[in-house]
Amino acid sequence: MEYNFKEIEKKWRQRWVAQQTYKVCEDDTRQKFYVLNMFPYPSGAGLHVGHPLGYIASDIYARYKRLQGFNVLNPMGYDAYGLPAEQYAIQTGQHPAITTEQNINRYREQLDKLGFSFDWSREVRTCDPGYYHWTQWAFQQMFKSFYCNACQSAQPIEKLVEHFYQEGTANLDVAQTEELSFTAEEWKAMSELQQEQVLMNYRIAYLAETMVNWCPALGTVLANDEVVNGVSERGGYPVEQKRMKQWCLRVSAYAQRLLDGLEKIEWTESLKETQRNWIGRSEGAEIVFRVKDSDKSFTIFTTRADTMFGVTFMVLAPESELVRELTTPDQKTAVDEYLTYVKKRTERDRISDRKVTGVFSGSYAINPFTGEANPIWISEYVLAGYGTGAIMAVPAHDSRDYAFAKHFGLPIVPLVEGCDVSEESFDAKEGIVCNSPREGVQPYIDFSLNGLTIKEAIAATKKYVREHQLGRVKVNYRLRDAIFSRQRYWGEPFPVYYRNGMPQMVPEECLPLELPEVDKFLPTETGEPPLGNAKRWAWDTKSRCVVDNSFIDNQTVFPLELNTMPGFAGSSAYYLRYMDPHNDQTLVGQRADEYWQNVDLYVGGSEHATGHLIYSRFWNKFLFDLGISCKEEPFQKLVNQGMIQGRSNFVYRIKDTNTFVSMGVKDQYDVTPLHVDVNIVSADVLDIEAFKAWRPEYATAEFILEDGKYVCGWAVEKMSKSMFNVVNPDMIVERFGADTLRLYEMFLGPIEQAKPWDTNGIDGSHRFLKKFWNLAQNILSQNTQDTESTPSSAELKALHKLIKKVTEDIEAFSYNTSIPAFMIATNELTQLKCNKRAVLEPMVILIAPFAPHIAEELWEALGHTTSVCDATWPKFNESYLAEETVKMMVAFNGKTRFGIDFPADADNATIEAAARTHEQTPKYLEGRQIVKVIIVPKRMINIVMK
RNA sequence: GCCCAGAUGGUGGAAUUGGUAGACACGAGGGACUUAAAAUCCCUUGGCCAGUGAUGGCCGUACGGGUUCGAUUCCCGUUCCGGGCACCA
């Protein structure tokens, strides 16, 4: 019987649906295993062959785990809110809900053809009210919480209010936007509105006026991870800094826990490193400097407390509030001029030309260690948002300070023995401290660092600072709070209305607050976000429902928030929702959460390292503090699949003609390379007729061939429509079947690695499946007597070699090497004319995770009535693999040669003795002296001779 | 600039983590079957040299050193490619 993949795959696709083969539920008798893919954004372009790579890899793992007896949760859904659908809506007027729905249906159709073991009954969509109910709910919980540093957890805001009534801000150790100070009496004296404003300083979801990344072209603010090199990640539009009132999430409160949590999870080191960089912990000290001839003082942050004696000037960030306070009247004009200059410069300018600029403020600061008065400068190289927005400059040991000092002719004092600072600063944190204090200078305080190593000096200085109350030891993080408002339509609406300008939460029991209809998706004429176009977008506190805007009286009916939530809102806790997707009482029921715990294996792209993977860890930690999630880390093991790149083909047109030259002879002409659709090129040879038909302007094209063929050039590029290198999985499934596609995608190379797609190699995978099918048909067609007989040792060896290899490979996620193992085993068994069902059965199970359709078909043919998914993974038996011989290697004259085979059952002592007595050594070693005998792994012995 | 990960045939990539480098597949070349094509099957395929031949020798895992009986693997240095962070004090 021929391998008719089309019929086989169709049959099993239908049967899996009919029998709900992949539906799972909590089952206390079995151990759980949770496999998850990063859910896709359903774009209009549909899937290309690169998209399913991770899904296939995780599906193989899910199926393998199931065969090992685990209760496997393997869900799928859609990250359905997002910019492209909205941009499309603006252009066409088509409602994003409609295009999103269409795209989802298209995705589903494509996904269904690939043989995934997804439990679709658990599907989620972020734009579904039943889903974003819990996104809104989580946001409200963040609003109602503050972060307690002492107990390292989120706490209800009422606790904080109580603290304020008891003792004001005294003994307060919480995460906050700015450090406030008031007494209990002052708190009590505040109006309700004032109290609300104060609480905003502490809430985990808070409304604040901050500098944001404003993208005029997209008409929205963006989070830090959505801005790359000063332009928007999506679309590449310029981004500017703007002060706006925005919802923010206090992610920074969790910085240390986000850092610590990395130690407990199995992610790649490089991804962890990326997150560590993003969190950017730095230990240092805050030191207070008094301003000369004034009662003012200010605080700087430094990680190099050891360099206190090398400070020669101070620098403030231009945006710092200190600038106003410390500028002297005679410097005012110069400072104002400089501030105007800085304001004009965009983020982009700052990145592209790194000029040394700055202006003197006119004031001086007293160094608490030397008593010297250091001039205070203002320069854009100091950032307002980090540390205190002010630094002490040590030009000898910081390259930025050095450049500044050289440019403005400020003094440079070296502090490390033997370092040369005539050309550049000495930034390394190694060496012996000197000049601290300088020789011959009357010490200002009784303190010296001279002779210590830099490490010792840092510690000693911190200790001194603490003991003499000159400042405090401080840890700073680069991680910023996440800006949580977007001025867009197609996102989760905030369950918030405004009374007296202060946000109020829509009651929890009224959630979800559904996204209103608007007649256009652009901002309003007054510049409000698109929700400003909604007619029905006001909150009636009496009837507790959404009403028409015309009822707004600010007494009982209030305006609702016009911003929507960003893309990461919906994707931050979806893995929890999959555990209990239809629960309308809570985000995830306790029983479901306790059963499924967290994701055991998460598969997705590394481009989410500083976005989704930070936000969802933060979000989950918050839900953990609330007791909703029982695990602090959402994703135990994470595998990044590499991107599948396109392999573009080129034709070469002679300039100003319609003549195309084959690649081998193109150098003889002046040619322009042009992209050509890869689907009309096979093995880099152009299908000339198809090419002529491809575009009208090529209908009359002429060709200069080589060896009768037109050979195209090629290059590896991103897979995209504009490069004509998109390969559609539907086409592959049509020609070769889903099983072949799955096998080939895995065979392409290591899963983590980026690699170009090349359809040419797929024949090999397809041929293998045919061979495997033929082997199976041979076995199945034998009469029962033959097939029941015991397999030979050679057959068992081939089988168990395969079991061992495949099991190890799946565990290690290196599927690309198990496919050759299948090929080898199949070839071996074919050559052995193996006809034993006892060999075929385990092989069918082994191949089931990779090629589920063919496996099901053969499993049925073997007489089973249940799905192969419910079979048991074969056990590896080492005894079948026992080596028949043991090799002895002989090394002499600096070369290693392989010598004699010993029987496998000879023990090491026997081999060693035999080697020593030269009994079996080759002739050319006769008379040589044994220097040493080394027993190496894999039962080889190595004899070194002289 | 700092941090991380890499570099193996014409191509994608193997190599049990220090033990016969190049598995497997693609591509290429040759052959069988066939009127022919498709399909299928078989052989060759890192480079150089010697031999009619079976075969043998030398060189080879980016480059230069080192450790070792033995290095693609470990250590030091260099070059190149990729990823992350980037006036973060």
Side-chain angles (χ1 to χ4, degrees), chain A residues 2 229 268-282 284-285 300-305 307 315 317 350-351 354-357 379-383 385-394 397-401 403-404 424 427 476-480 606-607 609-610 640 642 647 683-684 714 743-744 747-750 752-768 770-771 774 804-805 808 814 816-824 827 887 889-898 930-934 936-946:
Chain A
E2 221 173 279
N229 290 328
T268 59
E269 203 41 51
S270 66
L271 191 68
K272 287 188 192 180
E273 200 56 36
T274 301
Q275 291 214 340
R276 286 191 198 108
N277 281 340
W278 189 257
I279 296 166
R281 183 184 205 271
S282 62
I300 58 93
F301 175 76
T302 181
T303 55
R304 292 293 303 272
T307 59
V315 189
R350 282 204 187 190
I351 290 163
R354 214 161 269 189
K355 281 191 287 193
V356 179
T357 64
S379 173
E380 58 178 337
Y381 86 88
V382 174
L383 304 175
Y386 186 76
T388 60
I391 62 153
M392 61 179 213
V394 185
H397 303 290
D398 182 288
S399 52
R400 296 152 300 175
D401 298 346
F404 195 84
E424 56 181 0
D427 291 12
N476 256 326
Y477 300 92
R478 187 157 52 218
L479 185 70
R480 290 292 123 79
S606 59
E607 66 272 20
T610 55
N640 288 126
R647 189 179 183 279
D684 289 338
W714 61 274
L743 231 43
Y744 184 57
F747 181 64
L748 224 44
E752 289 97 338
Q753 207 171 293
K755 50 208 168 263
W757 176 266
D758 184 356
T759 307
N760 288 325
I762 201 165
D763 281 332
S765 302
H766 192 63
R767 265 199 282 272
F768 155 68
K770 273 196 223 169
K771 283 183 198 169
N774 290 338
K804 181 170 195 274
K805 178 74 179 145
E808 286 172 358
S814 52
N816 57 321
T817 57
S818 21
I819 288 151
F822 275 115
M823 295 178 179
I824 294 166
N827 278 341
K887 277 216 193 287
M889 288 190 299
V890 183
F892 75 106
N893 285 354
K895 305 206 170 163
T896 305
R897 294 164 200 263
F898 284 79
I930 294 177
V931 178
K932 56 177 162 177
V933 176
I934 309 159
V936 300
K938 282 294 267 186
R939 307 253 307 151
M940 285 190 195
I941 84 154
N942 188 359
I943 300 159
V944 182
M945 311 194 96
K946 205 163 64 176

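Below, read A as the first sequence line, B as the second, and so on, with proteins coming before strands; counting in each chain starts at 1.
The same atom, C1', is picked in B:rU61 and in B:rA7; the two are 9 Å apart, to the nearest Å. B:rU16 and B:rU73 are spaced 13 Å apart, taking the P atom of each and rounding to whole Å. For the C1' atoms, the distance linking B:rG19 with B:rG70 amounts to 7 Å, nearest Å. Rounded to the nearest Å, the gap between the C1' atom of B:rC85 and that of B:rG77 is 26 Å. Annotation: B:rU72 and B:rU55 have their P atoms spaced 26 Å apart (nearest Å). Comparing the C1' positions of B:rA21 and B:rG13 gives an interatomic distance of 13 Å, to the nearest angstrom. Spacing between B:rG65 and B:rG12 at atom P, rounded to whole Å, works out to 28 Å. Separating the C1' atom of B:rA36 from that of B:rA32 is a span of 16 Å, rounded to the nearest Å.
Base pairing analysis places B:rC41 opposite B:rG31; the two distances defining the Watson-Crick or G-U wobble pair are each below 3.5 Å. Under the Watson-Crick or G-U wobble criterion, with both distances below 3.5 Å, B:rU78 is paired with B:rA62.
Each of A:T303 and A:I762 was matched to the nucleotide of RNA chain B holding its nearest heavy atom; the match closer to the 5' end belongs to A:I762. Annotation: of the two residues near RNA chain B, A:P750 and A:Q275, the 5′-most nearest-nucleotide partner is A:P750.
A sub-4.0 Å separation between OP1 or OP2 of B:rA25 and a side-chain N or O of A:Y744 is absent. Listed pair A:S282 / B:rA89 meets the phosphate criterion, a side-chain N or O lying under 4.0 Å from OP1 or OP2. Proximity of A:R767 to the phosphate of B:rA39: no side-chain N or O atom is located under 4.0 Å from OP1 or OP2.
Listed by chain and number, the residues in a salt bridge (charged side-chain N to carboxylate O under 4.0 Å, His left out) with A:R767 amount to none (sequence neighbours excluded). A:F404 is linked by a ring-ring contact (aromatic ring centres under 6.0 Å, His included) to A:F313, A:W377, A:Y381, A:F408, counting only residues two or more places apart in sequence or in another chain.
Computed from coordinates, the A:I279 CD1 to B:rC85 P distance equals 13 Å when rounded to whole Å. The distance from atom CG of A:N827 to atom P of B:rA23 is 14 Å, rounded to the nearest whole Å.
A heavy-atom distance below 4.5 Å is found between the side chains of A:L748 and A:W757.
Taking the side chain of A:E380 as heavy atoms from C-beta on, and the options B:rC87, B:rC4, B:rA89, the nearest nucleotide is B:rC87. Considering only side-chain atoms of A:N760, the nucleotide from B:rC87, B:rC85, B:rC26 that sits closest is B:rC26. Minimum atom distance to the side chain of A:S270 is reached by B:rC4, of the listed B:rC85, B:rC4, B:rA23.
Heavy atoms of A:K770 sit under 4.0 angstrom from primed sugar atoms or phosphate atoms, though from no base atom. At a threshold of 4.0 angstrom between heavy atoms, the contacts of A:N816 are confined to the sugar-phosphate backbone, with no base atom among them. Within the nucleic acid shown, A:K771 comes within 4.0 Å of sugar-phosphate atoms alone, with no base atom in reach, counting heavy atoms only. The residue A:E273 sits close only to the backbone: its heavy atoms come under 4.0 Å of sugar-phosphate atoms, none of a base.
For A:E269, the CD atom counts as densely surrounded, since its 6.0 Å shell holds more than 12 non-hydrogen atoms of other residues, nucleotides or ligands. No more than 12 heavy atoms of other residues, nucleotides or ligands lie within 6.0 Å of CD in A:E424, so this atom counts as exposed by the packing criterion.
Looking at every heavy atom in both residues, A:A609 comes nearest to A:L271 through CB-CD1, 3.2 Å. Between A:V394 and A:D401, the shortest heavy-atom contact is N-OD2, 2.9 Å.
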Under 3.5 Å between N/O atoms: give me all the protein pairs with nucleotides 8-12 of chain B, atom names plus distance.
residue: B:rG12; atom: O2'; partner: A:L748; partner atom: O; Å: 2.5

For this session: Take A:Y386 and A:R480 through the side-chain contact (heavy atoms from CB on, under 4.5 Å) test and state the conclusion after the steps.
Result: CA-CA 9 Å; A:Y386 186 76; A:R480 290 292 123 79; 3.4 Å; yes
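Because its glycosidic torsion is more than 90° from 0, B:rU52 is reported here as anti. Using a 90° window around 0 for the glycosidic torsion, B:rG9 falls inside it and is classed as syn.
Within the model, atoms CG of A:D427 and CZ of A:R304 stand 7.5 Å from one another, a figure rounded to the nearest 0.5 Å.
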